[in-house]
A.B. asks: 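Here it is, the structure, as structure tokens.
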Amino acid sequence: MTFASLGLSPALAQACAEAGFHVPSPIQVEAIPPLLRGQDLLGLAPTGSGKTAAYVLPLLQRLLAGRQRAFRRVRVLVLVPTRELAAQVGDVILRLDPPSDRRLKIAVVHGGVSVNPQMLHLRGGADIVVATPGRLLDLLDRNALRLDALEVLVLDEADRLLDLGFAAERERVLAALPARRQNLLFSATFPEDVQALADALLHEAVRVEAASQVEAVPEIEQRTIAVDAPRRTELLRHLVEQGSWRRVLVFVATRYATEHVAHKLASRGVQAAPLHGEMSQSQRTRVLQDFREGALDVLVTTDLAARGIDVPGLDVVVNYDLPRSTDDYVHRIGRTARAGARGVALSFVSAGTEAHMRLIEKRQDVRLAREQVAGFEPVEVELPAPADAGTGGIKGRRPSKKDKLRAAAAKARDEGSQGSGA
Ligand code: AMP
């Protein structure tokens, strides 16, 4: 299977080869032909499946063959949930835009940076605008762009768009669009609100599905390590040093934890930095750049801030805190082993999170051994199930010092009596 055999022009097939894409990924095989025919499309595809190029390539072919852009008019709008993803989609477009007499005009617009240069850039219209919803509405309110001649609308990571409040903004965006247009909706998961969005937007859509990342990239080695929660940072440092890990993405639960963990690692000589949503755009860009270029070994982040980050050659993804949902777990571990490379996903499991890890495993139909690292063996015990609650401990509560002493004394008694009986 080649890109040309999917109906792409020789120039675009050549651009793919130059980008290092030698064979189309499964989602590209399925999505490119119907998109070239102008059909609506519903893509169930996680990041890492090659979905961006799956829609960018047909868009480029259409734009290069179509009419010229007009004053303030936008021909293709790609809506994305985060600034990082906006920048990344913009990069993919620039990378795949083949050299030709007609250069396409691409505008990437998102919040966190000054609006004026964006307004100026849009004056002559744009072939493709990649935008986050808030900034798009801001630009519409300022009359900086017009969507009434839009040919194609793409909603990328629609589940995250909705999580971030896009439902409220949706009507305003849709009201600005012409009735006749091509619609593409991509989402990693398919909850009810995404279904409702698809129903409202799509007409006779082709449905394509990329296998979930875990299946699509079996090269991800999933591992779990049992460790007491207070010793996780120390263990992380130990593993980074021992394994000489050079590109580690660490997920924690809160913005505060990103800073706390990164700071602790840095104070022990590890090149680590936090990445979270409260940082300015320039700070975020710099940290990501440092991480990509290898000036940083460890990036400590949250699910939201990590959305859309594409760092090639990630050694390890570490779940320092477990994600709340299985979807997030799949999304996180898919950050390693991207585009076929091999990767490791490591989760720290402690007494308090054991039950949650089992739930994640169950949903994925896997059972992972709890490894232990010498010197970091856990001493906290898992809480007893309610059935044998008579031994003390309340579900959801960590055992107190007294509980542990009692348990240790009981164990010593048991062992002692066994010994004397033998
Ligand atoms: P995406 O799912 O769009 O975030 O893409 C994930 C990664 O796969 C990106 O780093 C792309 O550059 C890369 N990629 C996309 N399509 C291909 C392909 N056909 N062959 C190799 N790599 C690809």
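Counting starts at 1 for both ligands and their atoms, following the listed order. What you are looking at is a predicted structure, and each value in this text was computed from that prediction instead of being measured.
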A.B. asks: Please work out, at 4.0 Å between heavy atoms, whether the side chain, the backbone, both, or neither of V92 comes within that distance of ligand 1.
C.D. replies: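 For V92, no heavy atom sits under 4.0 Å from ligand 1.
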A.B. asks: For the residue pair R370 and F348, would you count it as a cation-pi contact if the rule is NZ or CZ under 6.0 angstrom from the ring centre and within 45 degrees of the ring axis?
C.D. replies: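 No, R370 does not lie over the aromatic ring of F348.
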A.B. asks: Would you please determine whether Q88 falls within less than 4.0 Å of ligand 1 on a heavy-atom basis?
C.D. replies: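 It does not; every heavy atom stays at 4.0 Å or beyond.
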A.B. asks: Starting from the C-alpha separation in whole Å, work towards a yes-or-no answer on side-chain hydrogen bond (donor to acceptor under 3.5 Å, both in side chains) for Y329 and Q222.
C.D. replies: CA-CA 11 Å; Y329 179 83; Q222 297 184 61; 2.7 Å; yes
A.B. asks: Looking only at non-hydrogen atoms, which of H22, Q28, E157 approaches atom 16 (N) of ligand 1 most closely?
C.D. replies: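 Residue with the shortest heavy-atom distance to the ligand atom: Q28.
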A.B. asks: Going by the order shown, which atoms of ligand 1 are within less than 4.0 Å of some heavy atom of R95?
C.D. replies: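 Those of ligand 1 that fall under 4.0 Å from R95 are 12 (O).
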A.B. asks: State whether the side chain of D290 and the backbone N or O of A295 hold a donor-acceptor pair below 3.5 Å, judged by distance alone.
C.D. replies: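 Side chain of D290 to backbone of A295: no pair is present.
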A.B. asks: Here's a test for you: under salt bridge (charged side-chain N to carboxylate O under 4.0 Å, His left out), which of R73, R181, R75, R180 qualifies with D148?
C.D. replies: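 Only match with D148 under salt bridge (charged side-chain N to carboxylate O under 4.0 Å, His left out): R73.
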A.B. asks: Going by the atom numbers of ligand 1, which of them fall below 4.0 Å from some non-hydrogen atom of S25?
C.D. replies: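 Heavy-atom distances to S25 below 4.0 Å select 19 (N).
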A.B. asks: Is there a donor-acceptor pair under 3.5 Å between the side chain of Q118 and the backbone N or O of H110?
C.D. replies: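 At least one qualifying donor-acceptor pair exists.
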A.B. asks: Heavy-atom contacts with V23 under 4.0 Å: which atoms of ligand 1 show up? List them by number with element.
C.D. replies: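 Atoms satisfying the 4.0 Å criterion: 18 (C), 19 (N), 20 (N).
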A.B. asks: Heavy-atom pairs closer than 4.0 Å: do any link ligand 1 to the side chain of F3, the backbone, both, or neither?
C.D. replies: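 Side chain only; the backbone of F3 stays clear of ligand 1.
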A.B. asks: Verify side-chain hydrogen bond (donor to acceptor under 3.5 Å, both in side chains) between S350 and D228, making sure each step is shown before the conclusion.
C.D. replies: CA-CA 5 Å; S350 47; D228 288 336; over 6 Å; no
A.B. asks: Which ligand 1 atoms, with their elements, are less than 4.0 angstrom from a heavy-atom of T52?
C.D. replies: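 Answer, ordered by atom number: 1 (P), 3 (O), 4 (O).
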A.B. asks: Decide whether an N or O pair under 3.5 Å exists between F21 and ligand 1.
C.D. replies: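 In fact, backbone or side chain, F21 has no N or O that close.
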A.B. asks: Looking only at atom types and distance, does a side-chain atom of R135 sit under 3.5 Å from a main-chain N or O of V113, one as donor and one as acceptor?
C.D. replies: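 Answer holds: yes.
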